[in-house]
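Working notes, beginning with the structure itself.
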There are 4 protein chains.
Amino acid sequence: MSKDARSDARNKVRDAAIALFAQKGVKATTIKDIARAAGVSEGALYRHWASKEDLAAALFAAEYTALSHSLREAAGTGSAAERLRRVIAWAFGLVEAAPDRARFLLLSQHDALPLVPALMKDGLETPVDVVCAIVGEGIAEGSIVDADREALAHTVIGAIVLNIQSHVYGRQTAPLGTLADTVADALLRGLSTGKET
Amino acid sequence: MSKDARSDARNKVRDAAIALFAQKGVKATTIKDIARAAGVSEGALYRHWASKEDLAAALFAAEYTALSHSLREAAGTGSAAERLRRVIAWAFGLVEAAPDRARFLLLSQHDALPLVPALMKDGLETPVDVVCAIVGEGIAEGSIVDADREALAHTVIGAIVLNIQSHVYGRQTAPLGTLADTVADALLRGLSTGKET
Amino acid sequence: MSKDARSDARNKVRDAAIALFAQKGVKATTIKDIARAAGVSEGALYRHWASKEDLAAALFAAEYTALSHSLREAAGTGSAAERLRRVIAWAFGLVEAAPDRARFLLLSQHDALPLVPALMKDGLETPVDVVCAIVGEGIAEGSIVDADREALAHTVIGAIVLNIQSHVYGRQTAPLGTLADTVADALLRGLSTGKET
Amino acid sequence: MSKDARSDARNKVRDAAIALFAQKGVKATTIKDIARAAGVSEGALYRHWASKEDLAAALFAAEYTALSHSLREAAGTGSAAERLRRVIAWAFGLVEAAPDRARFLLLSQHDALPLVPALMKDGLETPVDVVCAIVGEGIAEGSIVDADREALAHTVIGAIVLNIQSHVYGRQTAPLGTLADTVADALLRGLSTGKET
DNA sequence: TATGAATGAGCCTTCATTCAT
DNA sequence: CATGAATGAAGGCTCATTCAT
């Protein structure tokens, strides 16, 4: 019970913080904001995280690696093209399933990306790694054009990210489901060799 | 004379602010930082801008629309594919020619993008508009696949932005010149119909 | 049994608190510090003392009156001069025998001395009283010069306290044993009338 | 004028801080207290000192070295005994002339003494040094008994300090002027060899 | 009875903005 | 006009104390 209560506090703070960070950014969100939104005291925060920075970093790291796992899972098996298509679809789906998490990842990038190298030293996998791996395998099996793996991967990721952004910022009003296919079609046409695997 | 002096102060502040915003973000940059770096007094800032927020917004708007002009100019004439290739190359070149401006645009997006709709009401053109226009024309002329214009445009922009980001954050170490071609090849293969115009 | 257990907790807290107060001062020592060092919970402290202030005051009062008893005992019997010499020697010895208690008394003076008048109303004897009494008896018996009793007593006490301080703060490096004699010689030469009692 | 205003602010803060530190100690005095008492804003403090700690340390260092100069001056010339007598008289006089400064030096010792070694590295002279020097010269000229110079000096200083303390805390009610002579008589009788210089 | 998580007032410090000079 | 000292609201964080378990 006390264990649950503790988990509750952590989770309430987690959720409140992600929502606020997603709406206003880390710097513009105050400890008071988070505490009030989570329904806990300000001091309670410091039992679980050492500072606001630490909270933001921990949250970003958790979401970032969770995203990696989800993407890898969503990719499933099959040809690189099929897997990339599923990655794209899943990513677009995330925006509707968990808009706060998506916005948080988008908005906090520049605050938190500097800490990503530290993640990698811990052997953790980033979403970028996941896409890179798929692209790399596609190149190896000959189904994806033989070019700089990172460049192709970032091309895919950029297409995803910017389309999501344009949706989130309200410029793009078409349904995300359709977008996913349009983007995937264009990208995969560009990346594929056309050879069967 | 006094006009020139004022312009000088404005420009010194402009450059100093862009550099600092690019390095630390808007929130983390103080008026004192900017004033010191620009070699002017803190009060002097308020003669030209109403607040730090206003300075950041004005700077972003200026850079954002300047980028639009540059992209349009860089695009030149010819087929949509040729113009997009030039846009990509020019964007990658910006990072090396003016890294502070590039970083500033990248980092300040989320602080400043909410004000972009206001820009558009003023009839100003954004870089996104430029790419959209080119894509739209490509669709019209049949050289680019007939799909959601915004989606294709953001696919191109995302590829540019994320590849630049991966370079700026040190993940991508290949020279930007090569990157530009790799990315352009992949994208244009994906977007083109293959028909001559 | 439960009484013993309680005493144990009390004593553990007492010792831990004195050590910490001696090292960092009362204000800089937290309840958490004390609880951790004593191996008890934070709440447990409030079973024995009403507040941190109360703990510090009670500890100081206890040490202060314990010091009085020790000094009186150490003084033994004989001429005032002999007794003062023994008091000086004993005080210097305390620093080596129980450095934490000595430092605590030194450091907490100014936090706790305001409460000393309260002690005296309770009829408790302070170390100052002990030295005053000896000096007073010396004056009465003619072995100590006839001057303001308090002034002479504080002269003795000051000599003791400052020499200990200079040792504790590392300025004085000579062994405390030698110091005791040097100081006692000088003081007693100054206080004595030279008449046999 | 602006120079005077600035000096005023500094001095107002200085005086207010010394008074408050003297009454409640450094830790118990808040920035708000000082600002209010000095009639300046809280932020103004940070233009002149980096932190409250820094303020306290700077103030202590200034008073401590000022005290050194005053003591050296007050000592004047003549035999070591005469000079020590004047030092004692002057120190007792300080309590009446500037009670806040005296109390501040007394109360802040333990907060600030750890920084004294740093002072000495800067070649600054402490009050202890002044008394040590006089005692040392007395030993050299044969007018003061040949014993540990530091021990004798701290005996003198202790007599001064503790007598002042007993006055400040209200235990000693005799007039300080008389005290000075009583203490000086006793001390000098104890330190002197009796030989003419 | 013991525990230690939770509370929240209050602290030090920062910094955008103002305004007397 | 320019300056930069002064302002003071607001932020992150600490910690003595309480109380549910």
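So that the names make sense, note that chain A is the first sequence line, chain B the second, and so on, each numbered from 1.
If you check E/dC15, F/dT17, E/dT7 against the side chain of A/S41, the one that comes closest is E/dT7. Nearest to the side-chain atoms of A/S51 among the listed nucleotides F/dC13, F/dA6, F/dC15 stands F/dC13. For C/K52, taking side-chain heavy atoms from C-beta onward, the closest of the listed nucleotides F/dG12, F/dA16, E/dT7 is F/dA16.
Rounded to an integer number of Å, the gap from B/I31 CD1 to F/dA2 C1' is 16 Å. Spacing between atom CG of D/N11 and atom P of F/dA5 amounts to 16 Å, rounded to whole angstrom units. Between A/L55 atom CG and F/dG11 atom C1' there is a gap of 15 Å when expressed in whole angstrom units. Atom CG in D/L45 sits roughly 12 Å away from atom P in E/dT14 (whole-Å rounding).
Checked by atom type and distance alone, the side chain of D/T65 pairs as donor or acceptor with a backbone atom of D/A62 at under 3.5 Å. Remark: the backbone N or O of D/V26 is paired with a side-chain donor or acceptor of D/K52 at under 3.5 angstrom.
Looking at D/L124 and D/Y64, their side chains never come closer than 4.5 Å, going by heavy atoms from C-beta outward. Residues B/I18 and B/L59 are in side-chain contact: their nearest non-hydrogen atoms beyond the backbone lie under 4.5 Å apart. Residues A/H110 and B/Q109 are in side-chain contact: their nearest non-hydrogen atoms beyond the backbone lie under 4.5 Å apart.
Taking for each of A/G43 and B/Y46 the nucleotide of DNA chain E with the nearest heavy atom, the 5'-most of the two is the partner of A/G43. DNA chain E is contacted by both A/K32 and A/R47; A/R47 maps to the nucleotide lying nearer its 5′ end (nearest heavy atom per residue).
The shortest distance between the side-chain N/O atoms of D/H48 and the OP1/OP2 oxygens of F/dA6 is below 4.0 Å.
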Next on the checklist: Dot-bracket, 5' to 3', for DNA chain E please: Watson-Crick or G-U pairs under 3.5 Å, [ ] where pairs cross earlier ones, | where the partner sits on another strand, dots elsewhere.
Outcome noted: .||||||||||||||||||||
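Side-chain N/O atoms of B/D33 and B/T30 include a donor and acceptor closer than 3.5 Å.
No donor-acceptor contact under 3.5 Å links the side chain of D/E42 to the base of E/dC12.
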